[in-house]
2 protein chains.
Amino acid sequence: MSEPEPPLDPDLLNAYFALMDVAALLRHSVEQQLREEGDLSYVQFQVMATLYFSEAGSARMTDLADGIVHSRSGLTYQVGLLEKAGLVTRAPSERDERGVTVTITEAGRERLELVMPGHREVVNHLLLQPLPPDSAVALVELLGPVREHLRAAPPRSARPRGRR
Amino acid sequence: MSEPEPPLDPDLLNAYFALMDVAALLRHSVEQQLREEGDLSYVQFQVMATLYFSEAGSARMTDLADGIVHSRSGLTYQVGLLEKAGLVTRAPSERDERGVTVTITEAGRERLELVMPGHREVVNHLLLQPLPPDSAVALVELLGPVREHLRAAPPRSARPRGRR
DNA sequence: TATTGTTATACTCTATAACTATA
DNA sequence: TATAGTTATAGAGTATAACAATA
């Protein structure tokens, strides 16, 4: 509003497009693998992985929504599919009767384990190996701050509906 | 098939997730901006930008498809919308009667110019400024090879339907 | 016969707003 | 009154396969 917008020189534009391109291509491949080998969408994969690696194997809807999805109804939809498939369970939260606790089932764990090897393979072949040697860490160092900035900032449409 | 898959240590996994997260968040914001200020989808924006910056202001469907979209029918759909909106024109290609040449109109140029300032602003604020100083170039150096690898490789579903 | 592009169709995903129930 | 989550609904985007026309 006050700072004159920088001209966004070709280098910068190029960085932006490179990022968007790589991500789109990678996501497309990854989604194909998840669908073919485990009948999962990428969002479902994120939910399953979050649960799988959590202490209790469970989480509240709200906590899943933050950082995975843009609208709460979208999460309800995806978790609904997971429940129908018997991969997760839904139950009222103990502490807060309003909340819903989602828990991964044994079948859910097996499904994730079924999918992981192929998933790693795709990510390795498509992203990590083509990366210049030992630069994965560098990538995280570049993108880490951006990620935090994006998560904190307003853009998320799962934007704290007034939360917290 | 012969190499034992590397275990994909946390650093690598983290790089992968950071990339996917940042891209998803960024894309969401960028799509919002394009929709609100110019009534364009991101794919439409890519098409328009490609045409805008090309010599003749035009390109064939096939050339647009490569690198923008995963299925040819998807491109037909998006270009159809652009044509309806008067932002591009479609005409049989001169050299090859099978082909269709898409050309940006004056209204199309104006629309892109209308959208660019806000677009740059979003990209600057959300991606470039949070990036460690002077690291845009570094990002391109990391992602550039990956992009080329992905473009060349099979994963594209707009995969040369036998092309060339 | 191969290539270019479109169409028809079906489906997945997403988002908004209205609604219920608990805190 | 504010928060958690669901539902209804509507719309945007995508992909597959069949198709027409040109090379």
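Values below: every heavy atom of this structure, side chains too, minus hydrogens, waters and symmetry copies. Predicted model only: the values in this text are computed from it and were never measured. Letters go in sequence order (proteins before strands), and every chain restarts at 1.
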Given A:Val100 and A:Arg60, is the side-chain contact (heavy atoms from CB on, under 4.5 Å) satisfied, shown in steps? CA-CA 6 Å; A:Val100 167; A:Arg60 292 188 42 175; over 6 Å; no

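- When distances are taken from the side chain of A:Arg60 to each of D:dA4, D:dT6, C:dT7, the shortest belongs to D:dA4.
- Proximity note for B:Gln78 (side chain, C-beta onward) versus D:dG13, C:dT6, C:dT12: the nearest is D:dG13.
- Between A:Met61 atom CE and D:dA4 atom P there is a gap of 12 Å when expressed in whole angstrom units.
- As rounded to whole Å, 16 Å separates atom C1' of C:dT16 from atom CG of A:Leu75.
- The side chain of A:His28 contributes an N or O atom lying less than 4.0 Å from OP1 or OP2 of D:dA15.
- Of the candidate nucleotides D:dA15, C:dT6, C:dA15, C:dA15 has the atom nearest to the side chain of A:Ser71.
- B:Val123 and B:Val140 fall into different hydrophobic clusters, where Ile, Leu, Val, Met, Phe, Trp and Tyr side chains are chained together by heavy-atom contacts under 4.5 Å.
- Nucleic acid contact class of B:Gly74 (heavy atoms, under 4.0 Å, all strands): none.
- You'll find that the side chain of B:Glu97 is closest to D:dA23, out of C:dT7, D:dA15, D:dA23.
- A:Leu87 is listed as a side-chain neighbour of A:Leu40, based on a closest heavy-atom distance under 4.5 Å.
- The phosphate of C:dT6 has OP1 or OP2 within less than 4.0 Å of a side-chain N or O from B:Arg90.
- Protein atom OH of B:Tyr77 is 16 Å distant from nucleotide atom P of C:dT9, rounded to whole Å.
- Taking 4.5 Å as the limit, every side-chain heavy atom of A:Glu83 sits out of range of all side-chain heavy atoms of A:Thr89.
- Residues from residues 34-46 of chain B with heavy atoms under 4.0 angstrom of DNA chain C: there are none.
- In summary, A:Asp21 and B:Arg151 engage in a salt bridge, as defined by a charged side-chain N under 4.0 Å from a carboxylate O.
- A heavy atom lying under 4.0 Å from DNA chain C marks none of the residues of residues 47-59 of chain B.
- With respect to the salt-bridge test (charged N to carboxylate O, under 4.0 angstrom), the residues B:Glu31 and B:Arg27 qualify.
- Looking at which nucleotide of DNA chain C each of A:Arg95 and B:Thr76 is closest to, the 5′-most match is held by B:Thr76.
- Comparing C:dA21, D:dA12, C:dT6 by their closest approach to the side chain of A:Arg98 singles out C:dA21.
- Put simply, the side chain of B:Leu112 does not reach to within 4.5 Å of the side chain of B:Leu51, judged on heavy atoms.
- Aromatic rings of A:Tyr42 and A:His28 (six-membered ring for Trp) have centroids beyond the 6.0 Å cut-off, not under it.
- Note: CG (A:Asp63) to C1' (D:dT3) measures 13 Å, nearest angstrom.
- A donor N or O paired with an acceptor N or O is found under 3.5 Å between the base of C:dT16 and the side-chain atoms of A:Ser73.
- Checking side-chain atoms of A:Glu121 against main-chain N and O of A:Gly118 turns up no donor-acceptor pair under 3.5 Å.
- Remark: P of C:dC13 and CG of A:Leu82 are 10 Å apart, rounded to the nearest angstrom.
- If you measure from atom CZ of B:Arg27 to atom P of C:dC13, you get 16 Å, rounded to the nearest angstrom.
- What separates CD of B:Glu94 from P of C:dT4 is a distance of 18 Å, to the nearest Å.
- Distance, A:Gln32 CD to C:dT12 C1': 15 Å, rounded to whole Å.
- Hydrophobic clustering keeps B:Met48 apart from B:Leu81 (ILVMFWY residues linked when any side-chain heavy atoms are closer than 4.5 Å, directly or through intermediates).
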